[in-house]
**Student:** 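Here's a structure for you.
Not measured: the values here are computed from a predicted model.
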Amino acid sequence: MEIRRYIDMLLRWWWLLLLGVILLGGVAFIFNQRAVPIYQAKATLLVDEAQQGAADYTSVMLSERLAATYAQWLTTRPVLEEVIARLQLPMTVDQLARAVTVSPVRNTQLIQLSAEDANPALAAAIANTVPEVFREQSQALQAERFVAAKSSVETQLNQVQNQRAQLQEASDRADQAGNTADYLRLQSTLRELEVVELSLTNSLAQVRLEEAKSAQGLFTIEPAQTPTSPVRPRTLRNTLMAALVGLLGALGLILALEYLNDVVRSPDDISADLGLATVGLVPEVPANSGEVTVLTHSSSGAAEAYRVLRTNLQFASVDRPLHTLLITSPSAGEGKTRTAANLAAALAQAGKRVILVDADLRRPRLHRVFGLPNNAGLTSAMLDGAEDWRTLLAETPLPELRVLTSGPVPPNPAELVGSARMAALLGEMSAEADYVILDSAPVLAVSDTAMLATQTDGVLLVLQLGSSRRGAAVQAVEALDRVNARIIGVLLNRVPARGRGYYYYGYY
């Protein structure tokens, strides 16, 4: 049942779903068609910390950490400024930073660098130039770290070498002069300087070795190629996604509208909200067909619907007699008077003796429906010493159907319909006829109907499809339940011959 209700809802709002898909999908398609295509070039870089020696586990782990560092370093301002200057790019550093994406590949020593631009060749040039500039700046920075150390060691080494040369000359002179003591002293000092020179030479070699080892390598193992197709906009994907968003948005709007709109839309609403059976479905009738369709258009769908209602009510009274039936609705204008008149006519056509009573003592209409005078009627029969109510019955084109109009509108309708006299009249009428049909005031408008319902065998609630509010219908049923009225069921009025109500009408 719930699935059918949802399907019915979708069929009812199919145009809004289609509108959402076309609107958002169309806007996305036009926007993507007019957007400037963007190309993306990719380069793959390798971080190698151990190029000077064996690639042991420690070096590999260090390279992985360096990859994350280099990924940030590659997009720093000095690197990007040099790329802009070298390629003469018409953009700022911030614009270039947004165009370049650098990300390390997880659990590897690789870095993925991509560049985007409307010019595919320029995108490739940027992707290849960024790591090139990075390598140059990185090497320059690493070289600066060892300049001071090498300079200090080289200065000391030169000083020691100069001292050793001077001492060597002095030692030679002492040896030639035969000055043994000076010669031996100078030779001892020379040996000390040789040790210092050797130490400084080793230190300089060590510094140079550390400088060479510190020059971490960033190699381009897969240069960027000029892309042939744009990465943005992806017209088909974006259009489909926008269409899906439009569909979901329209569906959400439909659900919100359905939640806020509490009109009766189908017999399923009657069953779910009121817990009552739908005993009749009457289609829309043309405005020129008259009020009593059973008489004026006996072969129409509406006339047949009233005959089906007649049959259903007869089945509803198998276990419990239904001689007096009250016709009412939650509010005015939902078709209760038309229902009362046509049901009475349908029963009379079946050979049943029927008295149709206008018990709406506030806004009576039955006398207009049948073209009868209303100078005397139900209110006249309830006055003390009034004439017999039988003399007030009006004849109709159907011999078995007689009408008791409301009579003059009283100042105290509620007191009259709830009086003992009213109950006595109903008893007398039910003895004279097979059915007494009462057209009453709307149940939510006044208390008359609830009081009258306690004096009848059953109540038929009339609702108008697509107009009657479910909340009002629930309140009407609650009002009748409070007085222990017997609600036979619901008649749905003005069911469209085509559309969402047609399925129920045709099946019924």
**Student:** Salt bridge or not between Glu432 and Arg390? Use side-chain N to carboxylate O under 4.0 Å.
**Tutor:**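 Arg390 and Glu432: salt-bridged.
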**Student:** Which residue, Arg353, Arg310, Arg402, forms the salt bridge (charged side-chain N to carboxylate O under 4.0 Å, His left out) with Asp434?
**Tutor:**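 Testing each of Arg353, Arg310, Arg402 against Asp434, the sole residue satisfying salt bridge (charged side-chain N to carboxylate O under 4.0 Å, His left out) is Arg353.
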**Student:** Report the distance from atom CG of Leu24 to atom CG of Leu19, rounding to the nearest 0.5 Å.
**Tutor:**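 Leu24 atom CG to Leu19 atom CG measures 9.5 Å (nearest 0.5 Å).
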**Student:** Go through it in stages, so that I can follow the logic: the residues are Leu80 and Leu96, the test is side-chain contact (heavy atoms from CB on, under 4.5 Å), and I'd like the CA-CA distance, side-chain angles, deciding distance and then a yes or no.
**Tutor:** CA-CA 7 Å; Leu80 298 182; Leu96 181 58; 3.7 Å; yes
**Student:** Taking all non-hydrogen atoms of both residues into account, name the closest pair between Leu255 and Met9 and its distance.
**Tutor:**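 What the structure gives for the nearest pair is CD2-CE, 3.8 Å.
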**Student:** What heavy-atom pair brings Met451 and Gly418 nearest, and what distance separates the two atoms?
**Tutor:** CE-CA, 3.6 Å
**Student:** Working to the nearest 0.5 Å, report the span between CD of Glu400 and CD1 of Ile355.
**Tutor:** 11.0 Å
**Student:** Would you check if the side chain of Arg421 reaches a backbone N or O of Ala381 as a donor-acceptor pair within less than 3.5 Å?
**Tutor:** yes
**Student:** Check whether any side-chain heavy atom of Glu284 sits under 4.5 Å from a side-chain heavy atom of Val495, and report yes or no.
**Tutor:** no
**Student:** Please answer whether the main-chain N or O of Leu325 pairs with a side-chain N or O of Asp457 as donor and acceptor at a distance below 3.5 Å.
**Tutor:** no
**Student:** Under 3.5 Å, is there a donor-acceptor pair between the side chain of Thr449 and the main chain of Ala441?
**Tutor:** yes
**Student:** Under the salt bridge (Lys or Arg N to Asp or Glu O under 4.0 Å) definition, can you give me all pairs with a residue in residues 354-366, not counting sequence neighbours?
**Tutor:** Glu291-Arg365, Lys336-Asp360, Arg362-Asp448
**Student:** Step by step, work out the side-chain contact (heavy atoms from CB on, under 4.5 Å) result for Val245 and Leu248.
**Tutor:** CA-CA 5 Å; Val245 171; Leu248 295 177; 5.8 Å; no
**Student:** Distance-only, no hydrogens or angles: does the Glu116 side chain make a donor-acceptor pair with backbone N or O of Tyr39 under 3.5 Å?
**Tutor:** no
**Student:** With the side chain counted from C-beta on, respond yes when Val436 and Leu322 share a heavy-atom pair under 4.5 Å apart, and no when they do not.
**Tutor:** no
**Student:** Which pair of heavy atoms, one from Ala345 and one from Val292, lies closest together, and at what distance?
**Tutor:**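 Distance-wise, the nearest heavy atoms are CB-CG1, 3.9 Å.
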**Student:** Does any non-hydrogen side-chain atom of Ile111 lie less than 4.5 Å from one of Val105?
**Tutor:** no
**Student:** Is any side-chain heavy atom of Pro131 closer than 4.5 Å to a side-chain heavy atom of Leu113?
**Tutor:**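 Yes - at least one pair of side-chain heavy atoms lies under 4.5 Å apart.
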**Student:** Indicate yes or no: at least one non-hydrogen side-chain atom of Leu309 is less than 4.5 angstrom from one of Leu343.
**Tutor:** yes
**Student:** Taking Leu347 as the fixed residue, which of Val354, Leu356, Leu313 is the one that meets the side-chain contact (heavy atoms from CB on, under 4.5 Å) rule?
**Tutor:** Val354
**Student:** Not counting sequence neighbours, list each pair that qualifies as a salt bridge (Lys or Arg N to Asp or Glu O under 4.0 Å) and has a residue in residues 34-44.
**Tutor:**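 Non-adjacent pairs meeting salt bridge (Lys or Arg N to Asp or Glu O under 4.0 Å): zero.
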**Student:** Assess whether atom CZ of Arg470 is packed by more than 12 heavy atoms of other residues, nucleotides or ligands within 6.0 Å.
**Tutor:** yes
**Student:** Going from CG on Leu491 to OG1 on Thr339, what distance comes out if it is rounded to the nearest 0.5 angstrom?
**Tutor:**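 If we round to the nearest 0.5 Å, Leu491:CG and Thr339:OG1 are 4.5 Å apart.
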**Student:** Please lay out, stage by stage, how Val102 and Gln112 fare under the test side-chain contact (heavy atoms from CB on, under 4.5 Å).
**Tutor:** CA-CA 6 Å; Val102 183; Gln112 192 79 46; over 6 Å; no
**Student:** Quick check against the 3.5 Å criterion: does Ser298 have a side-chain atom that pairs as donor or acceptor with the backbone of Val294?
**Tutor:**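 Side chain of Ser298 to backbone of Val294, a donor-acceptor pair under 3.5 Å: no, none is there.
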**Student:** With heavy-atom distances below 4.5 Å as the criterion, would you say the side chains of Leu10 and Leu251 are in contact?
**Tutor:** yes
**Student:** List the atom of Glu334, the atom of Val462, and the distance in Å for their closest heavy-atom pair.
**Tutor:** O-CG1, 3.3 Å
**Student:** Rounded to the nearest 0.5 Å, how far apart are CD1 of Ile84 and OG1 of Thr92?
**Tutor:**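 Between Ile84 CD1 and Thr92 OG1, I get 6.5 Å after rounding to 0.5 Å.
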**Student:** Any donor and acceptor pair, going by atom type alone, linking the side chain of Ser271 with main-chain N or O of Pro267 inside 3.5 Å?
**Tutor:**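 Looks like no, no N/O pair under 3.5 Å.
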**Student:** Has Thr239 got a side-chain atom pairing as donor or acceptor with Ala28's backbone, closer than 3.5 angstrom?
**Tutor:**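 Pair absent, no side-chain N/O of Thr239 close to backbone of Ala28.
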**Student:** Can you name the nearest heavy-atom pair linking Ile327 to Ala340, along with the distance?
**Tutor:**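 Of all heavy-atom pairs spanning Ile327 and Ala340, the closest is CG1-CB, 3.9 Å.
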**Student:** Return yes if some donor-acceptor pair links the side-chain N/O of Ser300 with the main-chain N/O of His297 below 3.5 Å, else return no.
**Tutor:** yes
**Student:** Considering the options Val483, Thr328, Leu416, Val417, which one meets the side-chain contact (heavy atoms from CB on, under 4.5 Å) requirement together with Leu452?
**Tutor:** Val417
**Student:** So Gln314 and Lys352, side-chain contact (heavy atoms from CB on, under 4.5 Å) or not? Walk me through it.
**Tutor:** CA-CA 11 Å; Gln314 289 172 341; Lys352 303 298 182 181; 3.9 Å; yes
**Student:** Do Phe31 and Thr235 have side chains that get closer than 4.5 Å, going by heavy atoms?
**Tutor:**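 When only atoms from C-beta onward are counted, Thr235 and Phe31 do not touch, as no gap falls below 4.5 Å.
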**Student:** Can you tell me which residue among Thr379, Asn374, Asp439 is in a side-chain contact (heavy atoms from CB on, under 4.5 Å) with Ser406?
**Tutor:**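 Going through the options one by one, the only one that passes is Asn374.
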**Student:** Quick one, Gln349 and Leu398 - any side-chain contact, counting heavy atoms below 4.5 Å?
**Tutor:**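 They are in contact (side-chain heavy atoms under 4.5 Å apart), so the answer is yes.
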**Student:** Which distance, rounded to the nearest 0.5 Å, do you find between the OH of Tyr435 and the OG1 of Thr324?
**Tutor:**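 It comes to 11.0 Å.
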**Student:** Roughly how far, to the nearest 0.5 Å, is OG1 of Thr396 from CG of Leu401?
**Tutor:** 3.5 Å
**Student:** Could you tell me whether a side-chain N or O of Glu428 sits under 3.5 Å from a main-chain N or O of Leu425, the two making a donor and an acceptor?
**Tutor:** no
**Student:** Write down the atom of Ser447, the atom of Ala414, and the distance for their closest heavy-atom approach.
**Tutor:** OG-CB, 4.1 Å
**Student:** Taking the side chain from Ser380 and the backbone from Ala376, do they hold a donor-acceptor pair closer than 3.5 Å?
**Tutor:**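 A pair under 3.5 Å: no.
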